[in-house]
2 protein chains.
Amino acid sequence: MTNGSQRRRKGRGRTPRDGSTRERLIRAAREVLERGGYATASVIAIAERAGVSAGALYRHFPSKADLFVEVLRAAGEGELAEMNAAATQAESFIGRVEAVVATYARRALHNRRLAWALVYEPVDPLVDAERLVYRRNYCRGMAALLRQGIAAREFPNENPDLTAAALVGVISETLVGPLSPIGGESASEAEIVASLLRFCRRSVGVRDVPALRKIRPRRARTSE
Amino acid sequence: MTNGSQRRRKGRGRTPRDGSTRERLIRAAREVLERGGYATASVIAIAERAGVSAGALYRHFPSKADLFVEVLRAAGEGELAEMNAAATQAESFIGRVEAVVATYARRALHNRRLAWALVYEPVDPLVDAERLVYRRNYCRGMAALLRQGIAAREFPNENPDLTAAALVGVISETLVGPLSPIGGESASEAEIVASLLRFCRRSVGVRDVPALRKIRPRRARTSE
DNA sequence: TCCTCATGTGAATCGGCATTCACAACTAGT
DNA sequence: ACTAGTTGTGAATGCCGATTCACATGAGGA
């Protein structure tokens, strides 16, 4: 409506924009990432999806990499916040760990491509650094949880940093990794998540076993 | 051409080679990969390290990707063989699992960059496919081990595919992943591997727990 | 209205890198 | 030695995608 006069414009010049193009670029970048990964996330594709030209991008970001840093940061922060929220809802520490894992699982399954991009895919150093921040924060949070659980004597005294990294690895591999039985034959998504939670529970080494609500994880458990 | 027949070029023409340039290219590619990852593995860099020119590479491989497929396949096969050898040496299945994990750990620690390239780093689809083969084989072997252990009632009856994937994830993340407390402060390499083994042992859910605790890296922050 | 920014446009540029090409030079077979 | 076939050479080519540039256009203040 705003630009009704199309008579002599040969496409050049400014097109009025309602809101900030900057944000729309960030969103477009994330969307392109979700669909096709970095491979398809060319400047042109992003700009197109945002409804602007390639050049416009550079009015808002010094480079493509900077744009992606923003994208990753936003996504990572959102993810983190969600996890933290999940963590505070449980009483026991194992409950918190499970809540975090389950949250991660739910989100990763909901949008595997984005998760993949957030966790694995390649890029230039600048973007990688940002990704690492996210991953490290996540790992740190998990480690903190473990430490508390250890202090509370809920978990055995194992190196929490390593255990945290291992848990992140478990989740990444089983849910977003290159493979992951998820697309596979053997089990439904829900079952997989349940198995995953049992795995985490065992590997953390919880002492008492309150037994998950729907599934009973087999009792083999020697007391110490 | 400005430099036609009148001018004698000294460096041109064939330089006698003893053995197959092909193999030396494969080796060079692996070495470049080990040092700087794919980012530094340009055709020129590889050819240079092999002591030939870029063009020569194309006498032996239809494309750069094909070269890397060879590299990955060779590396993957070697790795696999080593694992299998390790697996057959133990009596119990948990012993085998641990042997495999420990072998992987030893190799990954010995050359993290290569491990990283084998497991994570990006590339074009052709190469990725080859990598996936390797990873999947590895995972499959682990799953087989788990199945046997389950059949022998050594392990609880958990989805072996998922558990195998999870174990692969654990190893990848803690040893070669972006981080991994390995470069860190808290523990020596040996301690980390020991912790890792304990983690795996717990997560697999072995019935009897011979407890291989040899190292006590930290004490809980609680009193006493 | 006129001037000046801020914001866009899209074609041109630039750079990196795989891939090709037009020749050499060595080896083997005759 | 002559001829083919093989293996190398390294400059040229081609492609792809990020980045820049010269030029619009609208909005707001004077």
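This one's a predicted model, so the numbers in the text were calculated from it and none came from an experiment. Here is how names work: the chains are called A, B, and so on, in the same order as the sequence lines, proteins then strands, and each is numbered from 1.
For DNA chain C, no neighbouring residue in residues 27-35 of chain A is found when judged by any heavy atom under 4.0 Å. Contact check of residues 53-64 of chain A against DNA chain C (heavy atom, cut-off under 4.0 Å) returns A:Ser53, A:Gly55, A:Ala56, A:Arg59, A:His60.
Between B:Glu158 and B:Ile150 the shortest heavy-atom distance is O-CD1, 3.4 Å. For the residue pair A:Leu114 and A:Leu33, the shortest heavy atom distance occurs at CD1-CD2, 4.4 Å. Contact record, B:Ala143 with B:Ala164: N-CB, 3.6 Å, taken as the closest heavy-atom pair. A pairwise comparison of heavy atoms in B:Ala41 and B:Ile46 identifies O-CD1, 3.9 Å as the closest pair. A:His60 approaches A:Leu25 most closely through the heavy-atom pair CD2-CD1, 4.2 Å. The minimum heavy-atom distance between A:Gly76 and A:Tyr134, with the atom names listed, is CA-CD1, 3.5 Å.
Taking atom CD on B:Glu23 and atom C1' on D:dT7, their separation rounds to 16 Å, with Å as the unit. For the pair A:Leu126 CG and D:dA18 C1', the computed distance is 15 Å after rounding to whole Å. Atom CZ in A:Phe68 sits about 11 Å away from atom P in D:dT19, given to the nearest Å. We find that CD of B:Glu48 is positioned 16 Å from P of D:dG8, with the value rounded to whole Å. B:Asp66 places its CG atom 13 Å from the C1' atom of C:dA18, with the value rounded to the nearest Å. Between A:Leu25 atom CG and C:dT9 atom C1' the separation is 14 Å, expressed in whole Å. For B:Arg22 and D:dT6, the CZ to P distance is 16 Å, given to the nearest whole Å.
We find that B:Glu70 and B:Arg30 are not joined by a salt bridge, their nearest charged nitrogen and carboxylate oxygen being 4.0 Å or further apart. A salt bridge links B:Asp161 to B:Arg147: one of the charged nitrogens lies within less than 4.0 Å of a carboxylate oxygen.
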